[in-house]
Amino acid sequence: MKSEPDVYSIEDLARDGRGEWEGVRNYQARNFMRDEMRVGDLVLFYHSNAKPPGLAGLARVCREGYPDSTQFDPKSPYFDPKAEPAAPRWFRVDLEHVETFERLISLAELREERALEGMRLLQRGQRLSVQPVQERYFQHALQMAGAKTRL
DNA sequence: GCCAACGTTGGC
DNA sequence: GCCAACGTTGGC
């Protein structure tokens with residue numbers, strides 16, 4: 001999952017312990033949160049629009065997809081006037097902090113890694129903020145980060 | 001700030 | 001349903 005650290009960083013998640021992944025307004029990303037993600041799933045936390053961008057840490061799904069209340073809040077930047085409470089359009093999951101990597105694994109470094117060839121995150125024009133990671137790529141990323149957590 | 005690569009909107 | 005115009009993402 002991608003987040004701009006100026007908006008919400010891995011350090012913010014570490015401080016909060018857990019957080020609501022609100023504000024996703026892309027249907028494909030929504031579908032992953034609503035239909036695919038399960039409690040206990042590990043999540044690579046990616047800092048986008050950062051200097052440098054890259055993998056910052058690990059989180060875990062602690063609540064499965066449910067309606068994102070910000071879509072109904074006119075004061076929220078994520079307000080969607082077309083969303084109906086009876087048929088919510090946007091969903092979020094809750095995440096809990098697992099670990100912050102000792103160093104950020106930059107996008108440039110990920111791109112240099114032969115073992116990550118084919119990883120969706122690295123594909124051209126790829127900009128989904130929520131996307132699945134194949135197990136072998138996930139394992140390799142954990143290894144690069146010297147993560148304490150194992151899959 | 002630039003711009004490629006999408007995704008969405010809305011006229012027809 | 002098509003597609004041009006517009007908006008967004010996000011690396012560089």
Side-chain angles (χ1 to χ4, degrees), chain A residues 1-16 18-37 41-61 64-95 97-147:
Chain A
M1 298 181 102
K2 301 181 186 177
S3 183
E4 302 192 13
D6 290 349
V7 178
Y8 198 78
S9 68
I10 189 77
E11 289 79 17
D12 292 325
L13 185 63
R15 179 199 61 214
D16 297 344
R18 59 186 282 168
E20 299 171 342
W21 207 265
E22 66 189 29
V24 172
R25 294 295 180 266
N26 170 284
Y27 288 104
Q28 242 186 306
R30 177 206 65 185
N31 292 347
F32 286 127
M33 288 196 295
R34 189 189 58 187
D35 306 332
E36 308 287 338
M37 298 178 74
D41 286 353
L42 285 175
V43 172
L44 289 169
F45 196 118
Y46 178 89
H47 280 175
S48 61
N49 239 323
K51 292 175 187 168
L55 296 174
L58 256 187
R60 186 187 295 113
V61 177
E64 287 172 19
Y66 66 104
D68 179 351
S69 60
T70 62
Q71 69 194 300
F72 307 124
D73 177 3
K75 292 193 290 292
S76 168
Y78 304 123
F79 178 61
D80 181 349
K82 293 181 186 165
E84 296 283 345
R89 178 178 298 208
W90 304 114
F91 286 69
R92 66 181 175 221
V93 296
D94 291 354
L95 296 185
H97 182 263
V98 175
E99 67 174 287
T100 300
F101 295 152
E102 288 184 8
R103 63 185 190 89
L104 182 117
I105 312 302
S106 73
L107 177 59
E109 202 177 331
L110 295 170
R111 288 198 190 286
E112 284 169 10
E113 202 69 13
R114 292 291 304 274
L116 296 183
E117 264 175 39
M119 188 180 183
R120 186 165 181 156
L121 176 70
L122 306 179
Q123 277 162 18
R124 219 163 78 103
Q126 182 305 121
R127 30 170 227 180
L128 265 188
S129 64
V130 179
Q131 57 181 266
V133 178
Q134 282 180 265
E135 190 172 335
R136 67 179 190 278
Y137 300 136
F138 207 118
Q139 295 276 20
H140 195 80
L142 290 182
Q143 188 184 313
M144 287 175 76

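These numbers were taken from a predicted model, which means no experiment stands behind them. Lettering of chains follows the sequences in order, A, B, ..., and the numbering in each one begins at 1.
Rounded to whole Å, atom P of dG11(C) lies 11 Å from atom CG of Leu110(A). To the nearest angstrom, P of dC12(C) lies 17 Å from NE2 of His47(A). In this structure, CG of Leu104(A) is placed 11 Å from P of dG11(C), rounded to the nearest angstrom. The CZ atom of Arg120(A) sits 11 Å away from the P atom of dC6(B) (whole-angstrom rounding).
With sequence neighbours left out, the side-chain contact (heavy atoms from CB on, under 4.5 Å) criterion links Glu109(A) to Arg103(A), Ile105(A), Ser106(A), Met144(A). Not counting sequence neighbours, Phe79(A) has no partner by the ring pair (Phe, Tyr, Trp, His ring centres under 6.0 Å) test. A search for side-chain contact (heavy atoms from CB on, under 4.5 Å) contacts involving Glu64(A) returns Arg38(A), Val39(A), not counting sequence neighbours. Residues forming a side-chain contact (heavy atoms from CB on, under 4.5 Å) with Ser9(A) (at least two apart in sequence, or on another chain): Pro5(A), Glu11(A), Asp12(A), His47(A). The salt bridge (charged side-chain N to carboxylate O under 4.0 Å, His left out) test applied to Arg60(A) returns Glu96(A), not counting sequence neighbours. With sequence neighbours left out, the side chain to side chain donor-acceptor pair (under 3.5 Å) criterion links Glu102(A) to no other residue. Residues passing the side-chain contact (heavy atoms from CB on, under 4.5 Å) test with Lys82(A) are Asp80(A), Arg89(A), sequence neighbours excluded.
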Nucleotide N/O of nucleotides 1-3 of chain B paired with protein N/O under 3.5 Å:
none

N/O to N/O distances under 3.5 Å, protein versus nucleotides 7-10 of chain B:
residue: dG7(B); atom: O4'; partner: Arg127(A); partner atom: NH2; Å: 3.1

Evaluation steps, salt bridge (Lys or Arg N to Asp or Glu O under 4.0 Å), between Arg25(A) and Asp68(A): CA-CA 10 Å; Arg25(A) 294 295 180 266; Asp68(A) 179 351; 3.1 Å; yes
